[in-house]
Amino acid sequence: MDELGKTEAALVAARRENLAALRSRGSDPFAARRFEVEATAAELLERYGFLVPGQDASAEGWSIAGRMLSKRTMGKTSFADLADRTGKLQLYIRKEEVGERAFDDWGDLDRGDLIGVRGYMFRSKLGEPTLHVTSFSVLGKALMPLPDKWHGLQDVEKRYRQRYVDLIVSPDVRDVMIMRSRLIAEMRRFIDSYGFYEVETPTLLHVAGGAAARPFVTECNALDQTMQLRIATELNLKRLIVAGLERFYEIGRIFRNEGIDTTHSPEFTMLELYAAYWDVSDMMEFNEALIAHLVSVATDGGTELPHGDATISFARPFARIEYLDAMARHSGGAYTRERLLDSGGAQHILRELGIPPSPSHSHALDKIFERVVEPHLTAPTFVTGYPVVVSPLAKRRENDPDIVDRYELFCASMEISNAFTELNDPDDQRARFAAQVAERAAGNEEIPEPDWDYVRALEYGMPPTAGIGIGVDRLIMLLTAQRSIRDVMLFPLQRQHG
RNA sequence: GCGCCUUUAGCUCAGUCGGUAGAGCAGCGGCCUUUUAAGCCGUUGGUCCCGGGUUCGAGUCCCGGAGGGCGCACCA
């Protein structure tokens with residue numbers, strides 16, 4: 001634990017004195033067990049919105065609990081702000097009504113203390129709906145001082161490291177986290193309405209596969225074996241397609257041992273969903289409906305999201321463009337199919353762009369796309385038809401075997417989802433894994449070791465299937481207009497210091 | 001990994017040309033029966049991120065380091 005500075009120690013000491021005073025009057029904050037909460041702040045504000053200044057509803061008593069965020073005492077009366085999970089409610093208390101002993105307790109309350117109060121609603125002279133307190137109990141004491149009541153917590157590092165403090169004093173942050181929870185619940189509800197099961201698959205794996213990323217490595221003591229944290233849920237989920245579950249999804253934590261920036265976190269939440277007998281076009285319809293629905297929820301029925309100084313429209317249908325057409329369009333026709341689908345041609349384009357050479361054809365294509373096309377994808381856009389070299393798990397097009405039936409949805413220059421018709425031909429899959437072995441041997445550490453049992457699963461027969469992965473955190477960023485992925489995570493990873 | 005910015009009281013921030021550290025809030029002591037960043041009077045509180053260096057003298061200048069933010073690189 002960090003040592004306290006002298007000033008801070010004095011503040012804590014003052015609060016401990018108030019704690020002792022409360023205990024001496026039999027009001028030990030830490031002795032409280034439970035409190036019967038009859039209403040929330042939001043409920044009382046809603047219910048008594050009709051009161052006019054000076055009017056009260058003293059016939060109806062309510063109890064409410066929360067944290068006292070400020071106190072304004074004027075001799076024998078006092079106002080305070082009480083915050084619960086739904087918002088803030090002003091409290092009003094008079095010494096002559098609650099008695100000296102209770103009012104002394106009130107005087108020993110510090111900003112941040114937890115209390116339960118009973119009283120009735122009225123509207124104050126200045127028009128604020130307020131609970132007139134007739135009795136209260138102290139339910140917990142804040143020994144540590146809260147940040148500045150006006151400016152709140154501005155220190156970004158402290159906000160992430162002590163998120164509990166940030167959440168106490170920053171309503172905006174709390175609102176984002178609550179909206180995140182609502183949106184994920186809404187995602188589940190929407191998906192469930194299509195008859196999907198929610199499943200959970202292991203995060204600890206012997207070989208992390210299904211994506212290209214460096215894994216976290218750990219030890220399993222009981223097995224005395226090295227394990228990896230999953231980098232995708234894809235392969236296990238498709239085993240469940242083989243198993244016959246047909247429609248299911250997983251919303252789970254994924255771990256990638258790579259860079260950290262405003263759109264990348266080492267652990268993040270991914271939605272992966274699979275539907276037997278769907279193809280990529282079915283998935284695109286579903287994806288578009290899901291996103292449009294979530295935009296509607298986030299904006300109270302709207303179709304536009306704020307993004308920086310602009311707004312982005314999510315009115316359906318979203319834009320659609322073929323991968324190769326997008327490359328051609330944004331290069332003035334210079335990046336042709338022939339050049340892109342040839343490994344040497346792609347490397348040559350990299351040189352033209354001044355990008356260092358890539359270890360593989362697939363890597364080169366991703367670099368080119370990222371540089372040339374992605375910055376233009378502000379409005380929601382489905383980019384369709386990816387080269388097979390960047391899609392080792394997707395099914396080739398019937399009439400164009402160099403291209404797979406896949407799309408990625410981009411928005412605000414971020415990749416939001418990635419979907420394809422799944423490759424279910426075990427021989428083709430085996431061949432593509434074998435090609436990856438070569439790439440891995442050539443030094444691309446992000447290429448996973450092949451999961452040969454997955455190929456064996458395909459040999460039992462997998463129906464035609466479409467699958468999708470959606471980066472939940474990035475989607476929440478979009479829906480809540482946050483510029484950093486850390487701002488949609490409760491406890492973002494920070495370096496340990498000391 | 002590279003660049004830019006940043007770190008001063010519990011919190012939010014000033015700190016000039018290098019001259020011995022300031023405000024507001026919070027806290028503490030008063031006054032105050034409808035306030036809301038309550039108000040008024042008084043007052044406590046400092047490892048200026050850490051370590052070196054230059055200097056008579058460093059929060060300030062120089063070097064090194066740490067944490068954080070942003071950008072680049074990296075990142076299916």
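Each chain gets a letter, A, B and so on, in the order its sequence line appears, and its residues count up from 1.
At the heavy-atom level, A:Glu408 lies nowhere under 4.0 Å from the strands shown. A:Glu415 comes within contact range of the sugar-phosphate backbone alone, with a heavy-atom separation under 4.0 Å but no base atom that close. A:Gly152 comes within 4.0 angstrom of sugar-phosphate atoms only, judged by non-hydrogen atoms across all strands, and of no base. When heavy atoms are screened at a 4.0 angstrom cut-off, A:Lys367 is found touching base atoms of the nucleic acid. Nucleic acid contact for A:Pro448: none, since no nucleic acid atom lies under 4.0 Å from a heavy atom of the residue. Backbone-only contact: A:Tyr160 has heavy atoms under 4.0 Å from sugar-phosphate atoms and none from a base. A:Lys95 comes within contact range of no nucleotide atom at all, as no heavy-atom separation falls under 4.0 Å. Among the protein residues, A:Ala212 comes within range of the nucleic acid bases, having at least one heavy atom under 4.0 Å from a base atom. Counting non-hydrogen atoms under 4.0 angstrom, A:Gln55 reaches nothing in the nucleic acid.
When rounded to the nearest whole Å, the span between CD of A:Glu267 and C1' of B:C75 equals 17 Å. With rounding to whole Å, A:Lys71 atom NZ is found 18 Å from B:U35 atom P. Spacing between atom NZ of A:Lys76 and atom P of B:U35 amounts to 16 Å, rounded to whole angstrom units. Whole-Å rounding puts the A:His132 NE2 to B:U35 P distance at 15 Å. Here the P atom of nucleotide B:G69 and the CG atom of A:Leu153 are 14 Å apart, to the nearest Å. At whole-Å resolution of the value, CZ in A:Arg72 and P in B:A37 are 8 Å apart. Separating the CG atom of A:Leu91 from the C1' atom of B:U35 is a distance of 12 Å, rounded to the nearest angstrom. A:Arg256 has its CZ atom 7 Å from the C1' atom of B:A76, to the nearest Å.
Judged by the 6.0 Å and 45° rule, A:Arg406 forms a cation-pi pair with A:Tyr386.
Phosphate proximity of B:C75 to A:His363: present, with a side-chain N or O under 4.0 Å from OP1 or OP2. The phosphate of B:G67 has OP1 or OP2 within less than 4.0 Å of a side-chain N or O from A:Arg495. Listed pair A:Gln494 / B:G69 meets the phosphate criterion, a side-chain N or O lying under 4.0 Å from OP1 or OP2. At the phosphate of B:G71, OP1 or OP2 sits under 4.0 Å from a side-chain N or O atom of A:Thr262. Here A:Asn18 reaches the OP1 or OP2 of B:C28: one of its side-chain N or O atoms lies under 4.0 Å away. In this structure, A:Lys6 does not reach the B:A9 phosphate: none of its side-chain N or O atoms is under 4.0 Å from OP1 or OP2. The side chain of A:Arg486 contributes an N or O atom lying less than 4.0 Å from OP1 or OP2 of B:C70.
Comparing the same atom, P, in B:G29 and in B:U44 gives a spacing of 15 Å after rounding to whole Å. Look at the P atom in both B:G24 and B:G42: the space between them is 11 Å, to the nearest Å. Only the P atoms considered, B:G19 is 15 Å distant from B:C62, to the nearest whole Å. For the C1' atom pair drawn from B:C56 and B:G65, the interatomic distance equals 29 Å after rounding to whole Å. Atom C1' of B:C61 sits at a distance of 25 Å from the matching atom of B:G69, rounded to the whole Å. B:U47 and B:G51 are spaced 13 Å apart, taking the P atom of each and rounding to whole Å. For the C1' atoms, the distance from B:U20 to B:G59 is 11 Å, rounded to whole Å. Atom P of B:G18 sits at a distance of 11 Å from the matching atom of B:U60, rounded to the whole Å.
Below the 3.5 angstrom threshold, one finds no donor paired with an acceptor across the side chain of A:Gln154 and the base of B:U12. Looking at A:Asp155, its side chain has no donor and acceptor atom pair within 3.5 Å of the base of B:G68. On a pure distance criterion of 3.5 Å, a polar donor-acceptor pair joins the side chain of A:Ser124 and the base of B:U35. Within 3.5 Å, a donor on the side chain of A:Gln90 pairs with an acceptor on the base of B:U35, or the reverse.
Under 4.0 Å is where a charged nitrogen must lie from a carboxylate oxygen, and between A:Asp81 and A:Arg72 at least one such pair does.
A:Ile64 approaches A:Ala39 most closely through the heavy-atom pair CG1-O, 3.6 Å.
With a 3.5 Å ceiling on both atom-pair distances, the Watson-Crick or G-U wobble partner of B:C72 is B:G1. Nucleotide B:G64 forms a Watson-Crick or G-U wobble pair with B:C50, both donor-acceptor distances falling under 3.5 Å. Nucleotide B:A58: unpaired (no Watson-Crick or G-U wobble partner with both distances less than 3.5 Å). Both distances falling under 3.5 Å, in either a Watson-Crick or a G-U wobble arrangement, place B:C28 opposite B:G42. When both distances must be under 3.5 Å, the Watson-Crick or G-U wobble mate of B:U33 does not exist.
Residue-to-nucleotide proximity on RNA chain B shows that, of A:Val390 and A:Ser484, the 5′-proximal contact is made by A:Ser484.
Checking side-chain atoms of A:Ser413 against main-chain N and O of A:Glu374 turns up a donor-acceptor pair under 3.5 Å. Looking at A:Glu43, its side chain does come within 3.5 Å of a backbone N or O of A:Thr40 through a donor-acceptor pair. Under the 3.5 Å distance criterion, the side-chain polar atoms of A:Ser58 are left unmatched by any main-chain donor or acceptor of A:Asp56. At least one donor-acceptor pair under 3.5 Å links the side chain of A:Asn424 to the backbone N or O of A:Met462.
Of the candidate nucleotides B:C25, B:G27, B:U33, B:U33 has the atom nearest to the side chain of A:Thr77. Checking B:A76, B:C28, B:U34 against the side-chain heavy atoms of A:Met74 singles out B:U34 as nearest. Taking every side-chain heavy atom of A:Glu370 into account, B:C75 is the closest of B:A76, B:C75, B:U36. Here the nucleotide nearest the side chain of A:Leu11, chosen from B:C25, B:G68, B:A26, is B:A26. The side chain of A:Glu258 lies closest to B:C75 when the candidates are B:U12, B:U34, B:C75.
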Candidate pair A:Gln162 and A:Tyr164, rule side-chain hydrogen bond (donor to acceptor under 3.5 Å, both in side chains), full reasoning: CA-CA 5 Å; A:Gln162 291 184 264; A:Tyr164 43 92; 3.1 Å; yes
Derivation and outcome, side-chain contact (heavy atoms from CB on, under 4.5 Å), residues A:Arg337 and A:Ile403: CA-CA 11 Å; A:Arg337 174 189 173 109; A:Ile403 302 295; 4.0 Å; yes
Full working for side-chain hydrogen bond (donor to acceptor under 3.5 Å, both in side chains) between A:Asn287 and A:Ser417: CA-CA 8 Å; A:Asn287 193 173; A:Ser417 37; 2.8 Å; yes
